[in-house]
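What follows is a set of notes on a single structure, which appears directly below.
For the numbers below, each heavy atom of this structure counts, side chains included, while hydrogens, waters and symmetry mates do not. None of these values were measured; they are calculated from a predicted model. Numbering of ligands and ligand atoms starts at 1, following listing order.
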Amino acid sequence: MNVASARRIWLFGLAAALAACAPSEPPNVLLVSVDTLRADALGAYGGPVPTPTFDRLAREGVVFEQAYAPAPSTAPSHATLLTGQEPQRHGVLRNGEALAEAATSLAEVFRAQGWRTAGFVSSFVLDPRFGWSQGFEHFDANISERGSTMRKGRAYPGAFWAAERFDGFDRRATATTDAAVRWIAGAPEPFFAFVHYFDPHAPYVPPAVFGERVAGAALPMQGRHVPGVSPEQLEKLVRQYHGEVLYTDDALAALVDAATRKSKRPTLVVVTSDHGEGLGQHDCLEHAVHLYEEQVRIPLIVHGLGDLAAGRRVATPVALADVAPTVLELAGLPGLPAPDGRSLASAARGGAEPEPRPVFGVRRLVSEQVKWDRGVKLSVRRGTWKYIWASERPHELYDLAADPAESRNALGEQPDVAGELRALLAGHIAAVPKLHDAAPLSEETREALQALGYVE
Ligand SMILES: [Zn+2]
């Protein structure tokens with residue numbers, strides 16, 4: 001054997017050995033966040049209207065039946081989605097607060113590992129001026145007044161955007177999809193694309209064709225009420241909300257198609273949301289107010305890799321902070337520094353249910369100037385029990401198994417359970433501080449937090 005052919009055989013052997021031990025081809029990753037999407041607005045979660053694209057992804061993928069946003073608000077939850085950290089750690093507690101440069105986002109990890117990264121957002125709340133573009137080579141927040149559904153005049157007193165200059169507040173799903181699809185078509189692989197849709201957010205103005213599709217749907221209106229809104233008006237608003245969800249479903253179909261059909265490379269698709277919507281429950285139409293289920297329960301669907309347990313439904317409560325660690329493990333990448341969440345990859349691949357863990361919530365209103373519902377609210381769910389602590393309101397305890405609508409405060413009957421959950425909450429905010437850094441607290445709120453053993 002001459003030297004050249006010996007070398008050829010060695011090279012062939014080396015290549016074969018590398019192929020045998022190399023991980024499978026790194027996947028493309030599409031992370032989709034649909035603003036204001038209640039879990040139970042989707043057919044796959046028992047919703048009143050079939051949502052074909054979400055439902056298909058759920059059928060073919062893995063559904064986390066009880067996933068929770070850490071806050072009923074856009075910026076805190078998106079910072080958690082991108083960092084795997086609780087709001088009290090990343091420090092974004094309200095819209096208009098910036099994600100710190102020191103934070104490590106999913107996009108930064110993907111980019112450092114050789115993925116091409118792009119983000120496409122549909123609301124001014126996720127404008128790059130607030131730190132959202134970290135790690136994205138391409139970040140499209142191209143929102144113009146034309147097509148915007150939310151007007152500048154629609155502001156709470158002291159809302160952060162009142163002082164900002166911007167051309168429009170949001171853009172429609174079709175425009176966001178078009179931008180993302182264009183980038184995906186030209187992107188070298190593997191890529192990580194983050195796409196944020198805004199349409200289920202108020203005002204509910206679905207394109208006519210989607211409004212028509214929900215015209216005859218039977219909606220669960222029992223017990224729903226909003227002060228100053230007639231039952232007929234409320235039902236119409238809820239119907240239009242579902243029309244917006246259907247419109248988003250349609251846009252999602254085109255996006256998922258473009259990502260998954262680009263090449264033979266597998267595409268990990270993760271679909272979730274940043275918070276729910278009141279739709280008349282607990283007297284509230286929108287969100288950012290309560291920590292009740294309708295404002296914090298969100299969908300979480302994982303789809304597209306060959307090793308996922310297609311059709312699985314995971315029952316254990318999980319947190320939005322778990323998404324980033326899960327995405328990285330499924331993509332075969334190292335984890336984030338100091339995440340509060342944990343990877344759910346094993347459950348997604350058909351392993352045991354995740355170890356039960358308490359799930360926490362936090363809420364600060366858009367502005368301390370709002371008089372009608374001030375202060376801080378904190379919540380913890382453990383098993384079927386949920387405890388809600390509020391700086392300016394009576395505390396609450398619910399057994400979600402017996403009382404899923406959170407209509408009967410069981411605090412008086414279960415003082416021991418309430419005491420245990422209150423201690424869990426105090427431990428959590430001691431371990432994950434920073435509740436007060438982001439914006440000044442009112443004196444009453446500060447005193448109330450002091451009573452919980454929190455503020456120094
Ligand atoms: Zn939002």
Side-chain angles (χ1 to χ4, degrees), residues 31-42 54 67-83 86-87 90 92-99 119-132 141 143 148-151 154-156 159-161 164 166 168-173 176 194-205 237 240-242 244-245 247-248 251-252 270-279 281 284-300 319-321 323 361-367 370 377 438:
L31 174 62
V32 180
S33 156
V34 181
D35 214 287
T36 321
L37 184 60
R38 286 170 63 130
D40 65 3
L42 303 183
F54 291 106
Y68 284 89
S73 179
T74 305
S77 288
H78 276 96
T80 293
L81 174 64
L82 293 175
T83 64
E86 296 286 349
H90 58 60
V92 180
L93 286 154
R94 296 197 291 205
N95 292 343
E97 291 168 1
L99 181 64
F120 304 85
V121 299
S122 304
S123 161
F124 175 70
V125 177
L126 299 182
D127 191 90
R129 79 187 71 187
F130 304 120
W132 300 108
I143 294 160
S148 202
T149 64
M150 207 161 139
R151 296 283 163 242
R154 187 182 184 281
Y156 294 101
F160 77 95
W161 62 80
E164 298 283 354
F166 55 86
F169 195 89
D170 61 283
R171 67 174 158 181
R172 305 306 308 248
T176 307
F194 165 61
V195 179
H196 164 254
Y197 292 120
F198 189 71
D199 301 84
H201 194 288
Y204 317 126
V205 283
L237 288 166
Q240 286 173 321
Y241 169 84
H242 287 287
E244 292 274 35
V245 173
Y247 168 49
T248 310
L252 179 64
V270 177
V271 177
T272 189
S273 176
D274 58 346
H275 51 78
E277 188 80 325
L279 300 184
Q281 287 175 277
C284 185
L285 182 62
E286 299 184 29
H287 55 274
V289 177
H290 295 310
L291 291 169
Y292 299 120
E293 297 288 284
E294 64 272 13
Q295 294 197 22
V296 289
R297 258 198 71 203
I298 50 171
L300 176 58
L320 195 62
V323 171
V362 58
R363 168 274 192 191
R364 297 198 58 191
L365 199 52
V366 287
S367 161
V370 173
K377 289 173 186 165

Out of Arg38, Gln295, Glu294, which one pairs with Leu279 under the side chain to side chain contact (heavy atoms under 4.5 Å, CB included) rule? Arg38
Rounded to 10 degrees, the angle OD1 of Asp35 makes with OD2 of Asp274 at the Zn ion (ligand 1): 100°
With a cut-off of 2.8 Å, does Thr74 put an N/O/S atom close enough to the Zn ion (ligand 1)? yes
Looking at Tyr247 versus Tyr204, is the centre-to-centre ring distance below 6.0 Å? no
From the Zn ion (ligand 1) out to just under 2.8 Å, does an N/O/S atom of His287 turn up? no
Salt-bridge contact Arg364-Glu97 (side-chain N to carboxylate O under 4.0 Å): no
Flag the pair Asp40 and Arg297 as a salt bridge only when some basic side-chain nitrogen lies within less than 4.0 angstrom of an acidic carboxylate oxygen. no
